[in-house]
Amino acid sequence: MTRTALVLGGGGITGIAWELGILAGLARAGVDLTDADLLVGTSAGSVVGSQLASGLPLEDLYAEQLEPADAEIGGRISRVALLKLVPPYALPGSGRDKLRRVGAVAMKAHAPGSIDRESVIRSRVPVNDWPTDRELLITAVETETGTFTVFDRNSGVDLVTAVAASCAVPTVWPPVAINGRHYVDGGMRSAANVDLAAGADRVIVLAPLPRSLSKKTSIRSQLEKVGPQEWSVVTPDPQALVDFGKNLLDPEKRADAARSGLRQSDDLVDELRHVWLDH
């Protein structure tokens, strides 16, 4: 039996909107990726993956992106903040050492829980319970040890909390406390964490931010490790990048990003139909 996986990468508020635009456009053209057997969500992708897995209507999700973003809290990854994240990766050590250093920076930048983000996440994912009819994986990084963490329905963590952890961008939002530990954005390990799709025959990756911090965790390297029969990686085209603007965490840009995803989907239908449907 063919197993399909939809991998949804990180990319801020505009990344959420663009992914939903892509998915809505494809579904209108008869290529419905929301029926994936496995959904892997990282950061922005954790929001979209949770929405899809929970059965929220795709057209409603897309339409919401075109409305004023009243429930969102804008943020910005400043140049100073980015510079703080350079040494943890540049210094020698294992991948886990580097992530532990990122976690330390995150904990120093914000006391856990210093900003109430739960209401924002709940406005995006208005359910607590994990889906039972398909597999959903949500990624994060534990700050204390640098351990890459994958939450699922057996983790004992409610869905909104897992998504909040995956969306906790270091130096922008505070780490999320779960059972005495603290977690930040799963994108600190990889832009999309495609290797979690191991065992899938057909894999489609939506990657608003396709670059990774190391070759080992790049989308291409992880796809080679997974080795699906058919695969495709979708990244923003030049117009989409313009529509994103310079700040991926700007709620005012989400409608532009959603429309851009819908537009870009027109160019993807044939390729993705072959990957997803041509058995």
Side-chain angles (χ1 to χ4, degrees), residues 5 7-12 15 38-46 49 77 81-114 117 135-157 161-200 203 205 207-227:
V7 180
L8 301 154
L38 168 65
L39 292 161
V40 178
T42 292
S43 197
S46 74
I77 305 177
L82 288 174
L83 289 174
K84 289 180 180 179
L85 293 176
V86 171
Y89 290 105
L91 292 171
S94 66
R96 185 168 171 175
D97 290 336
K98 295 175 188 291
L99 292 175
R100 177 176 48 77
R101 292 194 289 257
V102 168
V105 170
M107 294 288 283
K108 185 176 180 180
H110 291 100
S114 59
R117 291 263 292 154
E135 191 174 8
L136 171 65
L137 304 179
I138 302 297
T139 70
V141 172
E142 185 187 332
T143 63
E144 285 85 355
T145 63
T147 301
F148 177 57
T149 303
V150 182
F151 296 113
D152 63 14
R153 61 174 171 261
N154 298 314
S155 298
V157 177
T161 301
V163 172
S166 191
C167 292
V169 182
T171 76
V172 178
W173 307 120
V176 171
I178 300 175
N179 297 328
R181 295 287 184 175
H182 302 93
Y183 297 86
V184 292
D185 194 326
M188 296 299 100
R189 187 250 189 178
S190 172
N193 295 296
V194 182
D195 53 339
L196 294 181
V203 177
V205 183
L209 291 173
R211 293 185 179 180
S212 290
L213 295 165
S214 72
K215 182 178 180 180
K216 183 178 180 181
T217 60
S218 70
I219 291 174
R220 176 73 64 170
S221 294
Q222 290 185 335
L223 271 171
E224 290 176 355
K225 181 179 179 180
V226 171

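Side chains are part of it too, since the values below use all heavy atoms of this structure and drop only hydrogens, waters and symmetry mates.
- For the pair Gly12 and Ala44, the tightest heavy-atom approach, listed with the atom from each and the gap, is O-CB, 3.4 Å.
- Side-chain N or O atoms of Thr143 include none that pairs as donor or acceptor with a backbone N or O of Gly103 at under 3.5 Å.
- In this structure, Val184 and Ala106 approach most closely via the heavy-atom pair CG1-CB, 3.8 Å.
- Considering every non-hydrogen atom in both Gly9 and Pro208, the closest pair reads O-CD, 3.8 Å.
- A donor-acceptor distance shorter than 3.5 angstrom exists from the side chain of Arg101 to the backbone of Pro88, with no hydrogens or angles considered.
- Using a distance-only test at 3.5 Å, with no hydrogens or angles considered, no donor-acceptor pair links the side chain of Ser221 to the main chain of Ser218.
- Pairs of residues two or more places apart, or lying in two chains, that qualify as salt bridge (charged side-chain N to carboxylate O under 4.0 Å, His left out) and include a residue from residues 164-186 are Glu142-Arg181.
- Residue pairs that meet the side-chain hydrogen bond (donor to acceptor under 3.5 Å, both in side chains) test with at least one member in residues 207-216, sequence neighbours left out, are Ser214-Thr217.
- Residues Ile178 and Ala165 approach most closely at CD1-CB, 4.2 Å, considering heavy atoms.
- Between Thr145 and Arg96, some side-chain heavy-atom pair lies under the 4.5 Å cut-off.
- Side-chain polar atoms of Thr147 and Thr149 form no donor-acceptor pair below 3.5 angstrom.
- With Arg189 as the fixed residue, the side chain to side chain donor-acceptor pair (under 3.5 Å) test singles out one of Thr42, Asp195, Thr139: Asp195.
- Closest approach of Ala140 and Tyr183 over heavy atoms only: CB-CB, 4.2 Å.
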